[in-house]
A.B. asks: 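Have a look at the structure that comes next, please.
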Amino acid sequence: MPVDAKRSDLVLAVIGTGAMGRGIAQIAALGGIKVLLHDAKQGAADEASAFVCRMVDRLVEKGKLDDSAAGQAKDRLQVVSGVADLAPADVVVEAIVERLDIKQELFRELESVVRPDAILATNTSSLSVTAIAAACEHPERVAGFHFFNPVPLMKLVEVATAVRTADWAAEALVALAKRMGHTPVLCIDSPGFIVNHAGRGFGTEALRILGEGICETIDMDRVMRETAGFRMGPFELLDLTALDVSHNVMESIYDQYYQEPRFRPSFITRQRLAAGLLGRKVGEGFYRYPEGKPEQPAETPAPTAGNRAIWISKADADSHKAVTDMLSAAGAELDQGSTPAAESVCLVTPLGLDATSTALEQGLDPQRTVALDTLFDLGRRRTLMTTPVTLPDVRDAAHAALAKDGVPVTVIRDSAGFIAQRIVATIVNIGCDIAQQRIATPEDIETGVKLGLGYPHGPLGFGDTLGPKRILQILETMQSYYGDPRYRPSPWLKRRAMLGVSLTTPES
Ligand code: NAI
């Protein structure tokens, strides 16, 4: 009889009661499920059970739970001393050390204890669920059940189906996740599942920009927060997750996808990891953290306006109008001629292209050319880019004009795709390829990324908001500029952009 996750007498076993196991035990007990806790380390399961009880009490203190519900939840926790005591379990969730051989050995042992149709789930982040299941006589009842830290707050769980996982096992885990108050997303067992796969674009592209010497980390963090709407910039995030985790994840996913260029890591993080600059937890990463607070450089004040008028390229009619309206409202001096006057600043608004190529393509003087990123909202921060030969007073005149209404301006060196265009296009492209590979449905990709990574949109929704055709143009332009297959557009994106349909459109 396949497991019915809604049964009132359902028994869940949690093995490994560290950071993850105790969180899983907590949400299960609160979901009305009896939980057996086991840990190989003496006293660890008792300690975890006491911890969960304290967390449940805290919910009562905060008025989120009444006394009787809390008492019942605590009564559902039972510490057991050995794997042999887990026989009554309908579902086992393993959250032990991240080692394939040890997990395989445990699953083999579990099979000799639990009944043949009990579900064996693993919380692994980076191992192949299929490889863990391969150690079992009944691999059809093995699946991934990947939670996020801290479990009670991160309401997402990825249900990963291994090559031989039966539908009933995955369906039962989906139902179980809902019963525990979590949102399940279903995916094929593949490196990084949905969330850690979709998250490969943000940091790796930011590291490429850093590696090209285009700007400083703080510039990227500010631009990604304030123009693209991310809660944290890429380097703030790397400092939070710490390089001993994030650099290793970057390498591991890159290798597991056989050196897929879209996931290519950077030697910058490898060197910083070797130097011990792990991030916030050691007091120094890309930023220093005296007293736990990031020490970030102050905003560079805008220069005072020079005497050059601003001529705005008409190559993109929408951008021309938006920038003209914005600068006129701010009272900047504009050159409205059909071609720029001899002293005017030439302001261009490329998509995916650098300022140098844009100036040459449009027959403009590269010494007087600057580029503005118009893909994102211009109301909170603006990104201005120079060519290698832009005159300093031209750059300053453009900076002053763009900052005239009080909006800060980030000035960067030449980059095909500025900062936000190239990072967001990379994220959208990877999300599209997850859909293309049928790793998950568009809906689950969106849910996974929003809940698991906290991005302002899922990758497909991000692409739809900015326009699939524009994302495609950025990627194709970058690919031809760099000659790097990293930027090759996913067929999923290409086809939907050409058809003019949403990136969430599934195959009919
Ligand atoms: P942890 O180190 O906090 O806890 C692991 C626990 O497992 C320890 O209490 C340890 O004594 C116990 N243990 C080790 N080997 C055992 C065995 N053979 N039998 C029984 N107990 C054993 O580790 P954490 O962070 O809770 O991770 C557990 C699993 O969850 C790993 O597979 C990890 O990759 C995965 N995971 C971790 C996340 C995180 O952010 N920490 C997020 C998602 C998944």
Side-chain angles (χ1 to χ4, degrees), residues 13-28 35-52 55 79-86 89 92-114 120-129 131-133 135 142-160 162 173 177 180 182 184-185 187 189 191-199 237 240-246 248-249 252-253 256 278-281 448 451-454:
V14 175
I15 309 187
T17 57
M20 298 305 289
R22 59 186 57 192
I24 298 165
Q26 179 180 326
I27 61 167
V35 185
L36 306 178
L37 294 153
H38 168 65
D39 197 288
K41 193 171 150 219
Q42 187 76 28
D46 286 304
E47 206 259 297
S49 175
F51 175 87
V52 173
M55 291 299 114
V79 173
V80 300
S81 54
V83 172
D85 301 321
L86 301 176
V92 180
V93 180
E94 165 277 309
I96 66 165
V97 61
E98 189 76 335
R99 282 252 316 260
L100 179 62
D101 55 341
I102 300 181
K103 286 194 198 277
Q104 284 179 327
E105 191 187 316
L106 173 66
F107 274 61
R108 248 183 245 119
E109 189 184 355
L110 277 168
E111 277 208 312
S112 67
V113 172
V114 297
L120 304 181
T122 172
N123 188 43
T124 184
S125 289
S126 61
L127 302 173
S128 157
V129 179
I132 296 170
V142 178
F145 206 32
H146 183 236
F147 288 88
F148 295 81
N149 195 13
V151 177
L153 296 182
M154 296 289 291
K155 301 277 185 192
L156 181 76
V157 56
E158 294 172 311
V159 176
L173 289 175
M180 299 196 293
H182 267 46
V185 286
C187 62
D189 174 32
F193 305 129
I194 299 173
V195 173
N196 282 334
H197 185 168
L237 183 63
L240 184 71
T241 48
L243 289 188
D244 53 342
V245 176
S246 42
N248 292 338
V249 172
S252 154
I253 299 220
Q256 289 186 72
L278 304 187
R280 190 183 278 251
K281 72 179 180 188
L451 292 182
L453 296 172

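Counting starts at 1 for both ligands and their atoms, following the listed order. Values in this document were obtained by computation on a predicted structure and should not be read as measured data.
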A.B. asks: Within a radius of less than 6.0 Å around CZ of R99, do more than 12 heavy atoms belonging to other residues, nucleotides or ligands occur?
C.D. replies: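 No.
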A.B. asks: Considering only the protein, which heavy-atom contact is closest to atom 26 (O) of ligand 1, and what is its distance?
C.D. replies: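 The closest one turns out to be M20 N, 2.9 Å.
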A.B. asks: Has F148 got any heavy atom lying under 4.0 angstrom from an atom of ligand 1?
C.D. replies: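 Heavy atoms of F148 never come under 4.0 Å of ligand 1.
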A.B. asks: Kindly confirm or rule out an N or O of N123 lying under 3.5 angstrom from an N or O of ligand 1.
C.D. replies: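 Yes, there is a polar N/O contact under 3.5 Å.
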A.B. asks: Would you mind finding which of N149, N196, T122, T241 brings a heavy atom closest to atom 41 (N) of ligand 1?
C.D. replies: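 Selected option, by shortest heavy-atom distance: N149.
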A.B. asks: Does E105 CD have over 12 foreign heavy atoms under 6.0 Å away?
C.D. replies: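 Atom CD in E105 is not packed in, count stays at 12 or less.
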A.B. asks: For K103, is at least one N or O under 3.5 Å away from an N or O on ligand 1?
C.D. replies: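 Min N/O separation from ligand 1 is below 3.5 Å for K103.
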A.B. asks: Using protein heavy atoms only, decide if any is under 4.0 Å from atom 15 (N) of ligand 1.
C.D. replies: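 Under the 4.0 Å cut-off, atom 15 (N) of ligand 1 does have protein heavy-atom neighbours.
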A.B. asks: Provide, to 0.1 Å, the distance between atom 21 (N) of ligand 1 and the closest protein heavy atom, together with that atom's residue and name.
C.D. replies: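 Of the protein heavy atoms, A40 N, 3.1 Å lies nearest.
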A.B. asks: Going by the atom numbers of ligand 1, which of them fall below 4.0 Å from some non-hydrogen atom of I15?
C.D. replies: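 Reading through ligand 1 atom by atom, the close ones are 20 (C).
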A.B. asks: List the closest protein heavy-atom neighbour of atom 12 (C) of ligand 1: residue, atom name, distance to the nearest 0.1 Å.
C.D. replies: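 Checked against all protein heavy atoms, atom 12 (C) of ligand 1 sits closest to D39 OD2, 3.2 Å.
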A.B. asks: Looking only at distances, please establish whether an N/O atom of ligand 1 is found under 3.5 Å from an N/O atom of E98.
C.D. replies: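 Right, the criterion is met.
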A.B. asks: Quickly, which of E158, E98, H146 forms a side chain to side chain donor-acceptor pair (under 3.5 Å) with S125? Name it, please.
C.D. replies: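 Between S125 and the candidates, side chain to side chain donor-acceptor pair (under 3.5 Å) is satisfied uniquely by H146.
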A.B. asks: Looking only at distances, can you tell me whether any N or O atom of I96, backbone or side chain, sits closer than 3.5 Å to an N or O atom of ligand 1?
C.D. replies: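 Among all N and O atoms of I96, at least one is under 3.5 Å from an N or O of ligand 1.
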A.B. asks: Can you find a protein heavy atom under 4.0 Å from atom 23 (O) of ligand 1?
C.D. replies: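 Protein heavy atom within 4.0 Å of atom 23 (O) of ligand 1: absent.
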A.B. asks: Report yes or no: does a heavy atom of V97 sit under 4.0 Å from some atom of ligand 1?
C.D. replies: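 It does, in that a heavy atom of V97 comes within the 4.0 Å cut-off of ligand 1.
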A.B. asks: Give the residue and atom name of whichever protein heavy atom lies nearest to atom 44 (C) of ligand 1, and the separation in Å to one decimal.
C.D. replies: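 Among all protein heavy atoms, the one nearest atom 44 (C) of ligand 1 is S125 OG, 3.0 Å.
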A.B. asks: Is ligand 1 less than 4.0 angstrom away from at least one heavy atom of E105?
C.D. replies: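 Checking ligand 1 against E105, which is what was asked, there is no heavy-atom contact under 4.0 Å.
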A.B. asks: Heavy-atom distances under 4.0 Å are what count here, so tell me which part of L106 touches ligand 1: side chain, backbone, both or neither.
C.D. replies: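 The answer is neither; L106 stays 4.0 Å or more away.
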A.B. asks: Compute the shortest N/O to N/O distance between I102 and ligand 1 and return yes if it is under 3.5 Å, no if not.
C.D. replies: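 In this structure, I102 places no N or O atom under 3.5 Å from an N or O of ligand 1.
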